[in-house]
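Right, one structure below, let's go through it.
The model shown is predicted, which means the values in this text are computed figures rather than measured ones. Letters go in sequence order (proteins before strands), and every chain restarts at 1.
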There are 2 protein chains.
Amino acid sequence: MTRQRAAVSEALDRLDDFRSAQQIHDVMRQGGDTIGLATVYRTLQALADHGDVDVLRTEDGESHYRRCERDEHHHHLVCRGCGRTIEIDGPTVESWANTVGAAHGFTGIEHTIELFGTCADCAAAAAARAGD
Amino acid sequence: MTRQRAAVSEALDRLDDFRSAQQIHDVMRQGGDTIGLATVYRTLQALADHGDVDVLRTEDGESHYRRCERDEHHHHLVCRGCGRTIEIDGPTVESWANTVGAAHGFTGIEHTIELFGTCADCAAAAAARAGD
DNA sequence: GGGCTAATTGATAATGAATGTCAAAACCGT
DNA sequence: ACGGTTTTGACATTCATTATCAATTAGCCC
C-alpha cells in the first residue's frame, strides 16, 4: 500500500455516487493530493478487480466508480436525476439468470444488471418545475 | 432509404452474432460494398434508435450490433466462447425491476440486463481439449 | 538509519473507438 | 433535366483509456 492508493481510497469514501476516474482525479487534486491520472486509473482498476469498488459503464462508454458497501454480489438502482445509488441484491434475478441459462444448455452464467429510474425527490422537483 | 443503408441491413442479415461497427464495415468492404466507415456508424445508430438492431456494450467499451429478431423488449444470452446469441424475454425480471424500483420510490424504471455463459458446444469442446 | 532491489509513480505519448466537418455526390418532387 | 435538400465519405478531431519509461518510493535485511 502506497500513499497514493490510500488517498484514492479516502477520496472514494468522501464521494458517495458514481464518478469517472477523471472526476476522482480532479477532486483529489483540488483537495491537495498530488497524484497522477494514470495512477488513479491503475488504482481504481485494482480496487475493482479486488471487488472493493463497483464499476458502472455509462451510456457514452465511460467507466464510473464507487465504493461498494457490501461484499456479496449485488446490483444498482441509480437515479437519472441526482445520481443517487442504491445497492440491491436480487435472489429472484440470480436464480432466474441461472434457470434461463441452464434451459439453453449454458453453463457458468454471469450477468450484468443495472436499474435506472427517477428517485422520489427528483420526481417531486420535476413536478414542481412543471407546475410553475 | 439509400443504397448504403440497404447494404448495411443486408450485411446484418448475413451476420448472426454481435459485431462491432468496424467489423461490419470490414465485412462489407471485403464483400465488395463501397461504403464509408462514418456511414456505417451513422446507419447502425439509426437502426438502433429505431429498434431494428440490438446494441451490446462489450467489456472494453465497444458497441456491438446485431439484427434483432423480435420487436418487443428483450435481453440476450451470449456465449463467451463462440458468440452465439439467444434472445430471451423475462417477464420475471421485468416485474422484479419495477417492483424493486417502486419499493425505493423510483419511477420510470429502465434496466440493462445481459447474460453471459458457455454454451453446450463450447463446453464440450473445452472438455475435449482438457481430455487430451 | 543506511543501503539495496523491485515495485510504483507520473508526465507524456500512443491507441483507438466514435464523432464532427464539409465539399462532393445522390436523391426526389416537379 | 433542374434546384434544393439530404446523404455520403475521406479526413481531422475528440476524448477516455493504456503504454512507456525514467525517476521516485516502498519494503526489507543488516
Practice problem: Can you see which heavy atom on A:Ile24 is nearest to which on A:Leu44, and at what distance? | Solution: CD1-CD1, 3.9 Å
Self-check item: Closest heavy-atom pair and its distance - A:Phe106, B:Val78
Solution: CE2-C, 3.9 Å
Considering only nitrogen or oxygen atoms on both sides, find all protein atoms under 3.5 Å from nucleotides 21-30 of chain C and state each distance.
none

Quiz item: Are B:Asp16 and B:Arg66 within salt-bridge range, i.e. N to O under 4.0 Å?
Solution: no
Quiz prompt | Salt-bridge present (B:Asp13, B:Arg67; N to O < 4.0 Å) | solution = yes
[X] [atom1] - [N] [atom2] separation (whole Å):
{"X": "A:His25", "N": "C:dT12", "atom1": "NE2", "atom2": "C1'", "result": "13 Å"}
{"X": "B:Asp60", "N": "C:dA17", "atom1": "CG", "atom2": "C1'", "result": "10 Å"}
{"X": "B:Glu62", "N": "C:dA17", "atom1": "CD", "atom2": "P", "result": "5 Å"}
{"X": "A:Glu59", "N": "C:dA18", "atom1": "CD", "atom2": "P", "result": "14 Å"}
{"X": "A:Leu44", "N": "C:dT8", "atom1": "CG", "atom2": "P", "result": "16 Å"}

Quiz item: If we fit an axis to the first five pairs and another to the last five of the helix from C:dG1-D:dC30 to C:dT30-D:dA1, what angle do they make, to the nearest 10°?
Solution: 40°
Quiz item: Are B:Val8 and B:Leu37 grouped together when hydrophobic residues (ILVMFWY) are joined by side-chain heavy atoms under 4.5 angstrom apart?
Solution: no
Base, sugar-phosphate alone, or nothing: which one does [X] contact when heavy atoms must sit under 4.0 Å apart?
{"X": "A:Thr58", "value": "nothing"}
{"X": "A:Gln23", "value": "nothing"}
{"X": "B:Ser20", "value": "nothing"}

Self-check item: Toward the 5' end of DNA chain C, by each residue's nearest nucleotide, A:Leu37 or B:Gln22
Solution: A:Leu37
Quiz item: Taking the nucleotide of DNA chain C with the closest heavy atom to each, which residue, A:Arg5 or B:Ser63, is nearer the 5' end?
Solution: A:Arg5
Self-check item: Donor-acceptor pair, side chain of A:Thr118 and main chain of A:Cys122, under 3.5 angstrom
Solution: no
Exercise. Using atom types as modelled and distance alone, determine if a side-chain donor or acceptor of A:Asp52 lies under 3.5 Å from a backbone N or O of A:Ala48.
Key: no
Self-check item: Nucleotides bounding contact with chain A, strand DNA chain D, heavy-atom threshold 4.0 Å
Solution: D:dA16 to D:dG27
Quiz item: Parallel under 30°, tilted from 30 to 60°, perpendicular over 60°: which one fits the rings of A:His76 and A:Phe18?
Solution: perpendicular
Exercise. Over 60° means perpendicular and under 30° means parallel, so classify the ring planes of A:His75 and B:Trp96, tilted if in between.
Key: perpendicular
Quiz item: Is it true that atom CG of A:Asp71 has more than 12 heavy atoms of other residues, nucleotides or ligands lying nearer than 6.0 Å?
Solution: no
Quiz item: Quick one: CD on B:Glu10 to CG on B:Leu15, what's the gap to the nearest 0.5 Å?
Solution: 12.5 Å
